[in-house]
*Asks:* 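Let me give you the structure first, and then I'll get to my questions.
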Amino acid sequence: MFRQSLNVAKAQAPIALFGINGKYATALFQAAAKTNALSAVESDLNNIEQRLSKNARLEEVLSSPLLNKAAKEQLIDSLGKKSDITTHFFKTLVENNRLNETRAIITAYKSLMEAERGIVSVTVTSANRLAGKDLKDVKDSLTKGGLIKNFKEVNVVNKVNPSILGGMVVEFGDYTIDMSVSSRLAKLEKLLTDSIAV
């Protein structure tokens with residue numbers, strides 16, 4: 001049924017996601033949009049994510065190649081009542097041996113739902129915590145520069161990673177803008193190594 005519902009005219013996803021998790025999340029989003037079940041599926045996925053968070057062993061079992069398909073389907077059924085779309089989607093994951101992608105698919109679906117609501121999340125990674133003014137400057141640069149448009153709200157989250165040494169890495173959607181010192185040093189080292197090798 002899940003695959004059949006994908007053959008009907010496709011609902012447009014608000015943003016393009018790539019990779020296995022992006023493709024599955026987009027397919028789920030499109031199937032849910034066609035039946036006006038976006039919120040129901042989101043609620044199902046949130047419940048599944050909470051259960052996985054409470055029980056790390058459950059996630060291991062779902063990802064295990066040793067567990068047969070019937071046992072995996074029973075395990076999925078035991079995760080509580082779900083909409084038909086979500087149930088069929090997880091059967092498809094079992095069929096394609098992709099249950100190990102569950103967490104990543106849930107995260108990707110959340111990104112699609114945020115974009116559907118007009119929200120885009122931007123992650124700014126820096127060597128040290130950035131002040132509110134700096135984060136506002138990044139947000140202004142992205143919106144005024146035209147890199148992010150057609151969104152009502154931009155959420156900027158600052159992550160700290162001392163290994164980038166300085167500068168910042170800005171990520172949103174499938175875009176990465178790497179202005180870190182570590183990346184510049186790596187490029188310089190490659191340039192020097194290539195020059196010496198000649």
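From a predicted model like this one, the values you see are computed outputs, not experimental measurements.
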*Asks:* Rounded to the nearest 0.5 Å, how far apart are CD of Glu116 and CD of Gln12?
*Replies:* 10.5 Å
*Asks:* Can you tell me if Lys69 uses its side chain to pair, donor with acceptor, with the backbone of Glu95 under 3.5 Å?
*Replies:* yes
*Asks:* Over all heavy atoms of both residues, which pair between Val124 and Met168 is shortest? Give the atoms and the distance, please.
*Replies:* CG1-SD, 3.9 Å
*Asks:* Between Lys110 and Glu49, is the salt bridge (Lys or Arg N to Asp or Glu O under 4.0 Å) condition met? List the steps.
*Replies:* CA-CA 11 Å; Lys110 284 180 179 181; Glu49 186 177 41; 2.4 Å; yes
*Asks:* Does Lys81 have any side-chain hydrogen bond (donor to acceptor under 3.5 Å, both in side chains) partners at least two apart in sequence or in another chain, and if so, which?
*Replies:* none
*Asks:* Between OG1 of Thr86 and NZ of Lys91, what distance do you get to the nearest 0.5 Å?
*Replies:* 12.5 Å
*Asks:* Within the 4.5 Å heavy-atom criterion, are Leu188 and Arg184 side-chain neighbours or not?
*Replies:* no
*Asks:* Without swapping roles, check the side chain of Ser183 against the backbone of Met179 for a donor-acceptor pair under 3.5 Å.
*Replies:*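 Checking the backbone N and O of Met179 against the side chain of Ser183, no donor-acceptor pair under 3.5 Å is found.
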*Asks:* From Ile119 CD1 over to Ser111 OG, what is the distance, rounded to the nearest 0.5 angstrom?
*Replies:* 11.5 Å
*Asks:* For Arg51 and Leu79, which heavy atoms make the closest approach, and how far apart are they?
*Replies:* NE-O, 3.3 Å
*Asks:* Under 3.5 Å, is there a donor-acceptor pair linking the side chains of Asn161 and Thr125?
*Replies:*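 Looking only at side-chain atoms, Thr125 and Asn161 do not form any donor-acceptor pair under 3.5 Å.
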*Asks:* Between Ser180 and Val169, what is the shortest heavy-atom contact and its length?
*Replies:*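 Heavy atoms only, the tightest pair is CB-CG2, 4.0 Å.
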*Asks:* Check whether Thr193 reaches the backbone of Glu189 with its side chain - one donor and one acceptor, N or O, closer than 3.5 Å.
*Replies:* yes
*Asks:* Indicate yes or no: at least one non-hydrogen side-chain atom of Leu135 is less than 4.5 angstrom from one of Val157.
*Replies:* no
*Asks:* What residues, two or more places apart in sequence or in another chain, satisfy side-chain hydrogen bond (donor to acceptor under 3.5 Å, both in side chains) together with Lys133?
*Replies:* Asp137
*Asks:* With rounding to the nearest 0.5 Å, note down the distance linking OG1 in Thr102 to CG in Leu52.
*Replies:*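 Thr102 atom OG1 to Leu52 atom CG measures 6.5 Å (nearest 0.5 Å).
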*Asks:* With side chains defined as the heavy atoms from C-beta onward, is the minimum distance between Val122 and Glu171 less than 4.5 Å?
*Replies:*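 In short, these two side chains do not touch, never coming nearer than 4.5 Å.
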*Asks:* Looking only at non-hydrogen atoms, find the nearest pair between Ser126 and Asn158 and report the distance.
*Replies:* OG-ND2, 3.1 Å
*Asks:* Run the side chain to side chain contact (heavy atoms under 4.5 Å, CB included) test on Ile76 and Leu99 for me, step by step, so that the C-alpha distance in whole Å, both residues' side-chain angles and the decisive distance to 0.1 Å come before the verdict.
*Replies:* CA-CA 10 Å; Ile76 291 294; Leu99 276 179; 3.9 Å; yes
*Asks:* Do you know the tightest heavy-atom contact between Phe89 and Tyr24?
*Replies:*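 Residues Phe89 and Tyr24, closest heavy atoms: CE1-O, 3.6 Å.
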*Asks:* Could you tell me the separation between the CG atom of Asn21 and the OG1 atom of Thr26, rounded to the nearest 0.5 Å?
*Replies:*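 Reported value, rounded in 0.5 Å steps: 9.0 Å.
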*Asks:* Quick check against the 3.5 Å criterion: does Lys82 have a side-chain atom that pairs as donor or acceptor with the backbone of Leu45?
*Replies:*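 Looks like no, no N/O pair under 3.5 Å.
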*Asks:* With a 4.5 Å cut-off on side-chain heavy atoms, are Ile48 and Phe90 touching?
*Replies:* yes
*Asks:* Is there a continuous path of hydrophobic side-chain contacts, each under 4.5 Å between heavy atoms, that joins Val160 to Val138?
*Replies:* no
*Asks:* Does any N or O in the side chain of Ser78 come within less than 3.5 Å of the main-chain N or O of Leu75, such that one atom is a donor and the other an acceptor?
*Replies:* yes
*Asks:* Could you tell me if Asp178 and Thr176 have a donor-acceptor pair between their side chains, going purely by distance under 3.5 Å?
*Replies:*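 Per modelled atom types, Thr176 and Asp178 side chains form no pair under 3.5 Å.
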*Asks:* Please give me the minimum heavy-atom distance between Lys159 and Thr123, naming the atom from each residue.
*Replies:* CD-CG2, 3.8 Å
*Asks:* Would a single hydrophobic cluster contain both Leu130 and Leu165, if residues Ile, Leu, Val, Met, Phe, Trp and Tyr are joined by side-chain heavy-atom contacts under 4.5 Å?
*Replies:* no
*Asks:* So which of Leu93, Ile85, Ile106 actually passes side chain to side chain contact (heavy atoms under 4.5 Å, CB included) with Leu28?
*Replies:* Ile85
*Asks:* Is the side chain of Asn96 donor-acceptor paired with the backbone N or O of Arg98 at a distance under 3.5 Å, no angle test?
*Replies:*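 Answer holds: no.
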*Asks:* In the structure I gave you, are the side-chain heavy atoms of Tyr109 and Leu38 within less than 4.5 Å of one another anywhere?
*Replies:* yes
*Asks:* List the steps and the verdict of salt bridge (Lys or Arg N to Asp or Glu O under 4.0 Å) for Glu42 and Arg117.
*Replies:* CA-CA 13 Å; Glu42 183 179 33; Arg117 292 179 178 116; 2.6 Å; yes
*Asks:* Measuring only between side-chain heavy atoms, which start at C-beta, is Ile164 closer than 4.5 Å to Val181?
*Replies:*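 Contact flag for Ile164/Val181 side chains = no.
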